[in-house]
Every structure is written in structure tokens, then in C-alpha cells.
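Any value given below was found using the heavy atoms of this structure, including those in side chains, with hydrogens, waters and symmetry copies removed. Each chain gets a letter, A, B and so on, in the order its sequence line appears, and its residues count up from 1.
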There are 2 protein chains.
Amino acid sequence: MKALSIKDIALKANVSITTVSFIINGKAKEKSISEAVIEKVEKIIVESGYKPNQIARSLRTGNSNIIGLIVEDISNSFFAKVARLIEDKAYKHGYKIIYSSTENDVEKAKELINMFKSRKVDAYIISPIKGLEKDIQVLLNDNKPVILFDRNLPDVDTNYVGSNHFSASYQSIKTFIEEGKKNIALVTTDIDVQQINERFEGYRNALLDHKMPYKEALVLKIHFNQDEAATIKQIKHLFDTEEIDAVLFATNYLAISGLKVLKITNKKIGPEFSVIAYDDHEAFELHTPGISTVQQPLEEIAETVIKLILSQLTTKTKLPSQQVIIPAKLILRD
Amino acid sequence: MKALSIKDIALKANVSITTVSFIINGKAKEKSISEAVIEKVEKIIVESGYKPNQIARSLRTGNSNIIGLIVEDISNSFFAKVARLIEDKAYKHGYKIIYSSTENDVEKAKELINMFKSRKVDAYIISPIKGLEKDIQVLLNDNKPVILFDRNLPDVDTNYVGSNHFSASYQSIKTFIEEGKKNIALVTTDIDVQQINERFEGYRNALLDHKMPYKEALVLKIHFNQDEAATIKQIKHLFDTEEIDAVLFATNYLAISGLKVLKITNKKIGPEFSVIAYDDHEAFELHTPGISTVQQPLEEIAETVIKLILSQLTTKTKLPSQQVIIPAKLILRD
DNA sequence: TTGATATGGTAAAACGATTTACTATAACCA
DNA sequence: TGGTTATAGTAAATCGTTTTACCATATCAA
């Protein structure tokens, strides 16, 4: 039982394929098709449950109504939540999302871009990594909208939506200092992306601006793809060997590992040991005591991303690139 | 700068389109194309960076190498994690995932199925809701592989991968009873899906089997799509008005709301008040004290789903439906 | 009456691949 | 020698749409 085609509809209605196509695409009036024919054809379409083959449509028109989403890891709660919001909003405008996780692997990311390209996605939403500059430039040359989010690629002139990681990080450390903390650690990752680098710089600058020493020993850079057990070990080592009274975690999964260390070692968060985590997570709110976090406004990020895409998609002319920085909020708990 | 087509390659290599196609698809040997020609064409393909247009390919062959994934909410950590695992495994076999969230809305789900159908996805992975039976049957009649997961639809004869929710729930309650709990509450949702119903039945049967009364007042069914504030209010009301010494939460997001209530009201989990949550979550491990949970084996679920899909996809003959039940584990914490 | 315009519609090319059926030559065997 | 088979490759149909260019006929203004 093959699916119906436009041909079948044309046959049933005793009109040409062209006529059916015009009606489907709402061009009937403009192409002067009579009301009677329109009604007849529409009735047949509804009755038969005919749905146009999107593949054929894409082949002919060159666009797919699909938006490609490339992130580091779709199961990370930050990305999962943004993805959901983006999907919702895209869906309302007739677009679907196809996604993939790069695992911070440049080769995989390049492959993904190529797959999306050969699938003719209409636009790209990418949380990029270094080394993708050229591939993204190719997309831009091809006149495809590309929105970077969460992380920027300074060498690529395209749209970017993200938070001000430097200032959020700076604020966090400033808060620690004002609380009288003397030995503030930073647990971050070793991936070389702007967002992570900014968090580091915010940390360092806040210290220096307040005349506090920047001690390398208090900065732990965790290798990205290692398993959690190793991460926990390293964090534990840091806590065991250094005298620390406050720590900023640069990502939520690092913070979760860190909290596990505290739990294992039975170290308590309190006046003599403070924690701030980057990117909120249910676990932080529920933790006893509550964990202060830097909250990125997911809804606004998603909204902005979609808005940028739609504006690019509807105006065929190339719009100037926009860099939208949405401030992150420091949520102090307990 | 339009993308290269197979025609361009044929022209450059001075051979026919057919020849190029055979080479691309690894049928060169079988179609007796000479080694010299193969090499020449392959060289041109590599040098020019030509990538076949998947849309055209799909139109001609009728399959897309895309698998459609339909879940309740992709941002829920359970689904996000399974989705990530499924994506990984699918990717390794050359398939991509296109996903959407139903929000438990039958109409939206039907629409999604139709969109996927018109996009000619090769297979469907669906966490279904009641009311979708007919639509899924249509897919099956169309000979498309459909794997239901997390929830089953008893009236549809297709593949299913999930946990034994009845026995996990039963075990949880039994554990409570053995600890001497007398007033065990259940916080669940009002959606009518098998998985949720089984959790309820497990609760009820465990009580009755142990000669304990089933009290309707201790079962709170939260309306699915309401916002969290309302949920918190209802749970708080339950805790305030009923004497309860243990509670089973039927989903992780309900448990999170419940834990928030405890935090707000400063009620402590301990010997006189126990909690078990369904579907693990980072917040449960980190909570003080740790929250016991029913853990579904995500990796195994994803693995099984993909295995079923691939076996269906590779054998064109219709395989008998399989129902794979992977036991859930009750993790007791603290 | 003539030329222009509106009305109502259609034929056929195009999108970029896959695949079937075919051709032409060479090699081989009896 | 003639018939069969292997080798090396190609032309053209096809998938299901959209869209361009066109054709009639009717109407209308000058």
C-alpha cells in the first residue's frame, strides 16, 4: 500500500498535477484557479489523507524545513533544556530539529556538519569547538544561517547568542572575596573554547583586581572526555592537598562530581567552605545546603536563537551578524 | 556556488553518471568497472569534496537513514540520556535521529508521526500515549519498524523495550513495609499510560498482599501538564493533611517537586519519613540523605532499541514482535 | 474590429540521485 | 567457425514535487 502522490490526487480530481500543487501551496487564487476546482481538490485531499512527500519537495525547492542542532552533549541538562525550548519554538514555525552530539571531537563535528549539509538543512545552530572555523565559513558562504550559541568562535563572523561568562565568573569570585574567602579554587575543563576561557579569565581577574594572589595550584583543569571516577579522584586530590575555603565549578557536571567528593569525604559546605556552580541544575537547588549557581536564561537564549534564524530565513538578503549577550544571573542560595 | 552533483563528477571524469553512482555505492566491482576508472573517479570525488545529495537519494530509494524519536519531553533527564545513547549507537550505523516532544498531547503526537512519515523516516522509536494505537498501526502496515519504549501500548502488536514497572514498584513498597512503615503514600501522574498504571498497581498490590489497607487519600495523582508551583502546592497539601511515613514518587520530576516541598517545610527524611523515587537523577544521589531510587538501565534500553531497529531494517521480512523487559534496579541509599 | 487583459488551466522541465535494461567488444571453448 | 560468456560501460526511466512557460477562451476598451 504505497503512499498517495500528488498524481493520484490529480487523477481523482480530474485536473492536472500543476493545479493540485498550486492549491496545496495556497497559490490557487494568485494562479486563478476557480473556487469550484479548489473545493473539489481540497475535499479529495482531506478525504484521502494525502500528505505531500517532503523529500520530493525538498529536492525540488532546495530547502528542508529542518534545522540542524549541534551540541557537545544533548544529555547534559543545559543543552537538553535549551534543545527542548528551541524545538518547541521551531515546531511552531513549521521547522523540525535534527540534532547530534559532538562530544567535543572536532572530527565528529566536521562529519556532522557534512551530514547536515548533505541533508540540506535550512539552518544550523551550533555550540562550536575550535577547529570548526573553516567548516562554518563554508556554510556561511553557502548563505546558510548559522547561529552559534553558548560558545563563540571569534574568528567567524556570524551570529552568536550567549551569556557574559567573564562577568558572571568575575561576580562569583567577587562574592567569595567579599565573604572573606582567602583560598578560592577553580575547577574547570581543559577544552579550549571561549566560554570556558572567559570563565577562567573572570576568575583570575577578580582575584588580581582585589589584590589577591593567583595560585596555579588552585586551578584544576579536568580533561574533557575522561570518566567520572577519574574526575572525582582529581577533585578529591585537590581538596585533600590544598587549603581551600571556596570553589567555583565551571560547568554543572563538574560541580556534580565535586559535590560527590564532598559527600564521600563528608566535608560540609558552610561558612568555612563555599561553592558556586556554573549552569543551574535541579541537584543544586535541592542540595543541603542549596548550591549557589550562575544561571543562564535558557528561555531567552532559545527565543533569541530562533528569532535570529527566522529573520535570516525569511529575508533572503544577508543580514549583518548579531552578537547577543544575555546576562547570566548569580543565584545565591542559603 | 552551488553544491557539486554527481553529474559534475561524471563530467570531470569523462564517464557516465551511472558509473559514478556505481562507484559511490561500492557496486563497481560487481558491475565490472575497471580499476583504473574507479581510481580516477574516486580521486576526483575526494579532491572536489563531493557529497551525494541525501535528499535525492532518499527520493529515489525511499529511505532516509533517519530514525524518528518521539518522547514525552526530551529535556527530562531520563529521555535526554536515553536519546543521547540511542543517537550514539544509531550514528555508528549511519543513522541520524530526528526527535520531538509530545508533551503527552495526543494531537501533537499524531501530527509528529505524520511529519515523520512525510519525511520518510526509516524507523520510529516512540514512547507512546493512549490514543496513538491506530496511527502506529498504520506505520506497521506500511512495514516500518516501530519500537515502543518506556511505555507499552497493549493493543498494538509491535516491539517494546522497557522495565518491569509493576515489580519495581512492588519491591519499593515491600521495602517500606519491611522497614515498618504504616502509612505509605504514592505521588503519581494522571496520565493513562501503561508504565504509570503498572507503578500504581505495584503499589496497591504490595499493600494488599501484606495485609495493609489501600487508602485512596494517600494517592496523589498530579495533572500532567500543570506547572511546578501547582504540583508543589498539592504535594504540600498531601504532606500537611495526611499522616505519612513513606512516599513513593512515580517519576523523577515529581520526586524533585516533592523534595522541594520537604525543603520548604523543613521536613527531614530519616527513620520516620522515607522516600523512594522513580528514575534516577543526579539530585537523588547528591541529596542529603541520599534518595533511594528505581534505576532503569539506560544503556541496555538504548542498546536493545537499536538492535531491534537494525534487525528489522536489515531483514526486509517482517520479524515477530519482541517484548523485551529489562529489570529495573532498586537502589537503596543511606 | 482589433489588440490587450483577465480567467482558468496545463505540459513539461527540473531537482539529483539509483537502477534496469541494454550495447559493444573481447575472450574462450568445442 | 560460431556460439556463449565475461568485461566495461552507458542511456534512460524513475522517485514526487515545484515552477516556468505556455495555451485557450472570454471580456473589454478604443
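End-to-end axis angle of the helix from C:dT1-D:dA30 to C:dA30-D:dT1, from C1' rotation axes over five pairs per end: 50° (rounded to 10 degrees).
Computed from coordinates, the A:Leu4 CG to D:dT17 C1' distance equals 15 Å when rounded to whole Å. Distance, A:Asn53 CG to D:dG16 C1': 6 Å, rounded to whole Å. Here D:dA6 presents its C1' atom at 15 Å from CD of B:Glu30, a figure rounded to the nearest Å. Atom-to-atom, NZ of B:Lys7 to P of C:dA13 comes out at 13 Å; the value is rounded to the nearest Å. What separates NZ of B:Lys117 from P of D:dG16 is a distance of 15 Å, to the nearest Å. The interatomic distance linking A:Asn63 (CG) with C:dC15 (P) rounds to 15 Å, in whole Å. In this structure, the CG atom of A:Asn65 is 15 Å from the P atom of D:dT17, given to the nearest Å. Following rounding to the nearest Å, B:Ile45 (CD1) and C:dG16 (P) show an atom-to-atom distance of 16 Å.
Contact annotation: A:Lys27 does not reach the phosphate of D:dT18 (side-chain N/O to OP1 or OP2, under 4.0 Å). Taking 4.0 angstrom as the limit, B:Ser21 places a side-chain polar atom (N or O) nearer than this to OP1 or OP2 of C:dT18. Contact annotation: B:Tyr50 reaches the phosphate of C:dA17 (side-chain N/O to OP1 or OP2, under 4.0 Å). Taking 4.0 angstrom as the limit, B:Asn25 places a side-chain polar atom (N or O) nearer than this to OP1 or OP2 of C:dT18.
Remark: B:Ser16 engages B:Thr19 in a side-chain hydrogen bond (donor to acceptor under 3.5 Å, both in side chains) (not counting sequence neighbours). Residues passing the side-chain hydrogen bond (donor to acceptor under 3.5 Å, both in side chains) test with B:Gln137, sequence neighbours excluded: B:Asn141. With sequence neighbours left out, B:Glu107 forms a side-chain contact (heavy atoms from CB on, under 4.5 Å) with B:Asp105, B:Lys110. Applying the side-chain hydrogen bond (donor to acceptor under 3.5 Å, both in side chains) test to A:Gln323 and every residue at least two apart in sequence or in another chain returns A:Asn152.
Comparing C:dT18, C:dG16, D:dT17 by their closest approach to the side chain of B:Leu59 singles out C:dG16.
A donor and an acceptor atom never sit less than 3.5 Å apart when one is taken from the side chain of A:Arg60 and the other from the base of D:dT17. In terms of polar N and O atoms assigned as donor or acceptor, the side chain of A:Arg57 never comes within less than 3.5 Å of the base of D:dT17 in a complementary pairing.
A donor-acceptor pair shorter than 3.5 Å can be found between the side chains of B:Thr61 and B:Asn63.
Each of A:Asn25, A:Ile6, A:Ile33 was evaluated against A:Val20; a single residue qualifies, A:Ile6, per the side chain to side chain contact (heavy atoms under 4.5 Å, CB included) test.
Annotation: cation-pi pair B:Lys117/B:Tyr124 absent, no NZ/CZ under 6.0 Å from the ring centroid and within 45° of its normal.
Taking all atoms of both residues into account, the shortest heavy-atom contact from A:Asn65 to A:Asp122 is N-OD2, 2.7 Å. Contact record, B:Ile125 with B:Ile86: CD1-CG2, 3.8 Å, taken as the closest heavy-atom pair.
In this structure, OH in B:Tyr50 is found 8.5 Å from CG in B:Leu4, a value given to the nearest 0.5 Å.
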Can you pull every protein N or O that's under 3.5 Å from an N or O on nucleotides 8-10 of chain C?
from, atom 1, to, atom 2, distance (Å)
C:dG8, N7, A:Ser32, OG, 2.9
C:dG9, OP2, A:Ser34, N, 2.7
C:dG9, OP2, A:Ser34, OG, 2.8
C:dT10, OP1, A:Ser16, N, 3.3
C:dT10, OP2, A:Ser16, N, 3.0
C:dT10, OP2, A:Ser16, OG, 2.8
C:dT10, OP2, A:Thr19, OG1, 2.2

